[in-house]
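Below is one structure, written out as structure tokens; comments come after it.
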2 protein chains.
Amino acid sequence: MFGSMMDRPLLISALIEHAARQFGETEVVSRETHGALHRYTYRDAAVRSRRLAGALGGLGITYGTRVATLAWNNHRHLEAYFAVSGSGAVLHTCNPRLHPEQLAYILNDAEDVALLFDPSFLPLVEAIAPHCPKILNYVLLADRAHMPDTTRLSGLMCYEDLLAESVDQYVWPEFDERAASALCYTSGTTGNPKGVLYSHRSTVLQSFALSLPDTLSLSAHECVLPIVPMFHVNAWGIPYAAAMNGSKLVLPGPMLDGASLYQLIEGEAVTCCAGVPTVWLGLVQHMEAADLTLSTLKRTVIGGAAISKTLIRTLSERFGVEVRHAWGMTETSPLGTQGCLLPKHIGLSADEQCAQRAKQGRAVFGVEMRVVDAQSNELPRDGKSAGELMVRGPWIAAGYFNARQSVLRDGWFPTGDIATIDSDGYMQITDRLKDVIKSGGEWISSIDLENAIAGHPAVMMAAVIGARHPKWDERPVMFLVTKPGQALDKSEVVGYLRGKVAKWWLPDEVVFLDALPMGATGKVQKTELRRDYADMLCLSA
Amino acid sequence: MFGSMMDRPLLISALIEHAARQFGETEVVSRETHGALHRYTYRDAAVRSRRLAGALGGLGITYGTRVATLAWNNHRHLEAYFAVSGSGAVLHTCNPRLHPEQLAYILNDAEDVALLFDPSFLPLVEAIAPHCPKILNYVLLADRAHMPDTTRLSGLMCYEDLLAESVDQYVWPEFDERAASALCYTSGTTGNPKGVLYSHRSTVLQSFALSLPDTLSLSAHECVLPIVPMFHVNAWGIPYAAAMNGSKLVLPGPMLDGASLYQLIEGEAVTCCAGVPTVWLGLVQHMEAADLTLSTLKRTVIGGAAISKTLIRTLSERFGVEVRHAWGMTETSPLGTQGCLLPKHIGLSADEQCAQRAKQGRAVFGVEMRVVDAQSNELPRDGKSAGELMVRGPWIAAGYFNARQSVLRDGWFPTGDIATIDSDGYMQITDRLKDVIKSGGEWISSIDLENAIAGHPAVMMAAVIGARHPKWDERPVMFLVTKPGQALDKSEVVGYLRGKVAKWWLPDEVVFLDALPMGATGKVQKTELRRDYADMLCLSA
């Protein structure tokens, strides 16, 4: 027997309409590509989103059609978020840092018929256009004044002209909430990128979970700055959640250096942020160098990669910013866990609290987690038993775009992470399935080693990789980048690690580099290290 | 085209399992009917809920079967919330304050096959049992020690025995999230009570909206006390939302007098509450009489009836409790609006802020609102145009239990309230469609008159009713209850109102009573006043 409730779908268009009706005067501030700040309100954003939706219809873009974007975090990209999905089409956010060949691959794989892009990507788009025959419409996210005099793109359209010529009375269509809303490709470390196809349902449900007090705690009294790019898992869903709660939204554009972010946070009175660890390192370095403080920022969600205790303590103790470690992936929309402390942790020492915060956090309502052994048997939630992390929930992927078969195992999504879960639900990733170092039949966690050395004052970044070894099968080799003006040698590194990790975990080799190869989403690319240092990763007994 | 997300249903069983896994040690404290406090954890509650679900299955209760409860806010009622709905059956919460005949009517209308009830209701249940032939199982919510020596109920079962004999490894079933979860009858002012049938989907979605920072703001760091009864619109959904967020839950049992509530709030360090205005009046009177203060309570949601500015100011200015006025009804699950101030109100004077808080609040995400004229045309959101309030959303009723036809108008639920909506989305109820006084072609708001006189220091309660009048069609008559030891006469009342309301709004008659007839849900029953004072409500020119 069904309930007697209304059968109303959860749609993305309702988010911007809610913001316009309930928070019409609340500001959306965004950094234009050329540096200036643009200000308007949710009411303005709704009007322009409707006009864009109307214009897309005029271009023959209909329900289910893929529309690609190559854009920074700015107000026009925000309008595309609501207009493309709201109209029933699918928003395909592309990562401009991908190799042009990979970019052309995903544009063709997604069968995008239109591409909306920021002026800074014009050369890139001109270069890949010949390889993307299915793209019929190129739209430059700019006004008439910023259109190029000449371009190799035939029929390049001006975004502001499109809006000006569009209808004013567009009405959002209603459809099944399971309809596809957005498409994001994983920067797969192996093989071609795979597309994750989000739905209106998964997006709205995740927005609720993201907004809860113990997650990001979004309200009309908060000002949120998504540093995480809008081309990367929908900026973790923040643009949607901000509209749901009427939070002031600040979009940083392309300038993610410490100085620009600091100026934006202080200038707009930002109260909460979200970004990957590397961005925070840059911000902290800038603030420490210039001896600056933060006057409004209360908390930040950090995810996308493991975060060091040093960064957590620096942010909380020196800058008064609460770090909430979150875990997720493209396939989880991405919100999987939140790292807000429990009441029983409030009395703990700074050290103990930091240890809790360094864990990947606890599953938010809507996401179920378990760790399993190689035979898919669930392992105890004892904080010790490590196994592959499996997740399940309404905003977790069941499969990939254009892929026929499900990727689920017993109805659960296999994350490829090795993790433990404790009795409070705290999940802690010990390694990636593919990065864990198998030495003498035992496992060595590359991440634990990286975190251990990250505490050294002279260390900026570290990556540990398993090197083939005739006797032990694999042994750890550590790649290190020291801070500017700092130097280290192998004996100092090993000496620092001794006592912090098991003796047999100590790296056999330490390689010092000027920089580590970073991926498009700000993660160290161990695959490149494995390729570039193949010979060094082949040890002798 | 659909997204590639998992097709996972939103189920109530997931709420208690989430609480058990992520907040296993968090306390649930409840006042037993005989006065003692009972304490256990969400982990305990989950174990016992599973055992109850197993026991219900043993009684032959299956998917869609209705199970009734007659119980106060206590831990066994909480277990029934999760066990009955979680097992796929329908939880029918009955209001013990209903007239026995009405109670028998709804038990028969719902076709309940089981009734779980608190010991204090044994005489009531014995009295109605002969009129409820469909009820096959009577379960007393007590342990063996509290079972009666003799009872007219044949085969009365002991709740604790049922649990003790039940299985330990119950696994919650999975089914369509639109499945009915709970049934609540509206204490209809006209005709027989009508049943609103909630679904798992509507319940979980409302829990998200209720938990957001600007609504009740529930987190693992809050301790919430639902004073609103669990037999009244599921205690506004707080038991579900508390489990979703791991908030400490305090259930007050039958003792809702000011002294008991105060002792519970201070004793358990309650941080947020929810209840109807009358309950708050009692608490404030107790605290003022004993010159007490509140040390942990931060905010309360008040709804169910219009709330006076006096109460708002007393709670905020004298006791430091933020009042968040919410509006809803049984048909809206009930969350429709929240009254959290906007950032632009922070700078306002106490008077101006109070004026904002006295409004019914702003639609939460998921609920759409509009006011329409008699021809169903939408009226402007200008804060002036008054019309019938229409609502729409996934947790709004489309119809009633056992009623074939939908009650919607153009897809919207007609609330029967007369309201305005302003440009910020603030909704303000000016009257009930049936209570508004039509005088000389104009409308007089009975509620505005009641609120105006509520400010008088000698007034405890007031109700204004339209009396038939040969010349003006209708004219206002005011029924007043003065505070203990206080006295008033008509001229003082009219004198106090003069200047506060339009001259032609001044009541023609003022009737002083020792008490006003209160309904089972703490609302003044104007129908009884109309019946008992029929002659007095027929004025002459």
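Lettering follows sequence order; numbering is per chain, from 1.
Counting heavy-atom pairs closer than 4.5 Å to chain B, the top residue among Leu341(A), Thr215(A), Leu183(A), Asp7(A) is Leu341(A). Chain A forms the most heavy-atom pairs under 4.5 Å with one residue out of Glu222(B), Arg178(B), Met244(B), and that residue is Arg178(B). When each of Ala397(B), Ser217(B), Gly425(B) is checked for heavy-atom pairs under 4.5 Å with chain A, Ala397(B) comes out on top. When the candidates Ser423(A), Ser199(A), Ala363(A) are compared by the number of heavy-atom contacts under 4.5 Å with chain B, Ala363(A) comes out ahead. Comparing Arg43(A), Arg392(A), Arg381(A) by how many heavy-atom pairs each has under 4.5 Å with chain B, the most go to Arg392(A). Between chain B and the residues Trp395(A), Tyr63(A), Tyr400(A), Tyr426(A), the largest count of heavy-atom pairs under 4.5 Å involves Tyr63(A). Of the listed residues (Gly64(A), Gly24(A), Gly88(A), Pro213(A)), the one with the most heavy-atom contacts under 4.5 Å to chain B is Pro213(A).
Interface residue Leu408(A): only side-chain heavy atoms are found under 4.5 Å from chain B. Of the atoms belonging to Val407(B), not a single heavy atom falls under 4.5 Å from chain A. Residue contact with chain B, scored on non-hydrogen atoms closer than 4.5 Å, involves the backbone of Val364(A) exclusively. Using a 4.5 Å cut-off between heavy atoms, Ile346(A) touches chain B through its side chain atoms alone. Only the side chain of Lys344(A) comes within less than 4.5 Å of a heavy atom of chain B; its backbone N, CA, C and O stay farther away. Residue Ala19(B) does not touch chain A at all, counting heavy-atom pairs closer than 4.5 Å. For Glu25(A), the part lying near chain B is the side chain, with the backbone staying farther off; criterion is any non-hydrogen pair under 4.5 Å. Interface residue Phe413(A): backbone and side-chain heavy atoms are both found under 4.5 Å from chain B. Within the 4.5 angstrom heavy-atom criterion, only side-chain atoms of Asp176(A), from C-beta onward, approach chain B. With a threshold of 4.5 angstrom between heavy atoms, Ala243(A) does not approach chain B through any atom at all. Heavy-atom distances place the side chain of Ser333(A), and not its backbone, under 4.5 Å from chain B.
Here the side chains of Asn245(B) and Asp214(A) are not in contact, with every heavy-atom distance at 4.5 Å or above. The shortest distance between side-chain heavy atoms of Leu197(B) and Met1(A) falls below 4.5 Å. Between Leu342(A) and Thr26(B) the shortest side-chain heavy-atom distance does not fall below 4.5 Å. When side chains are defined from C-beta on, Cys340(A) counts as touching His221(B), because their heavy atoms get closer than 4.5 Å. Residues Ser219(B) and Leu212(A) form no side-chain contact, since every pair of their non-hydrogen atoms from C-beta on lies 4.5 Å or further apart. Residues Ile396(A) and Arg8(B) have side chains not in contact (no heavy-atom distance under 4.5 Å, counting atoms from C-beta outward).
Using a 4.0 Å cut-off between a side-chain N of Lys or Arg and a carboxylate O of Asp or Glu, Arg201(B) and Glu177(A) qualify as a salt bridge.
Ring orientation note: the planes of Phe365(B) and His18(A) are nearly perpendicular, at an angle over 60° on the 30°/60° scale.
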Next on the checklist: The test is side-chain contact (heavy atoms from CB on, under 4.5 Å); show your working for Asp424(A) and Arg21(B) and say whether it passes.
Outcome noted: CA-CA 7 Å; Asp424(A) 287 323; Arg21(B) 273 195 309 269; over 6 Å; no

side-chain contact (heavy atoms from CB on, under 4.5 Å) between Phe23(A) and Arg362(B), worked out
CA-CA 10 Å; Phe23(A) 310 100; Arg362(B) 308 155 64 250; 3.4 Å; yes

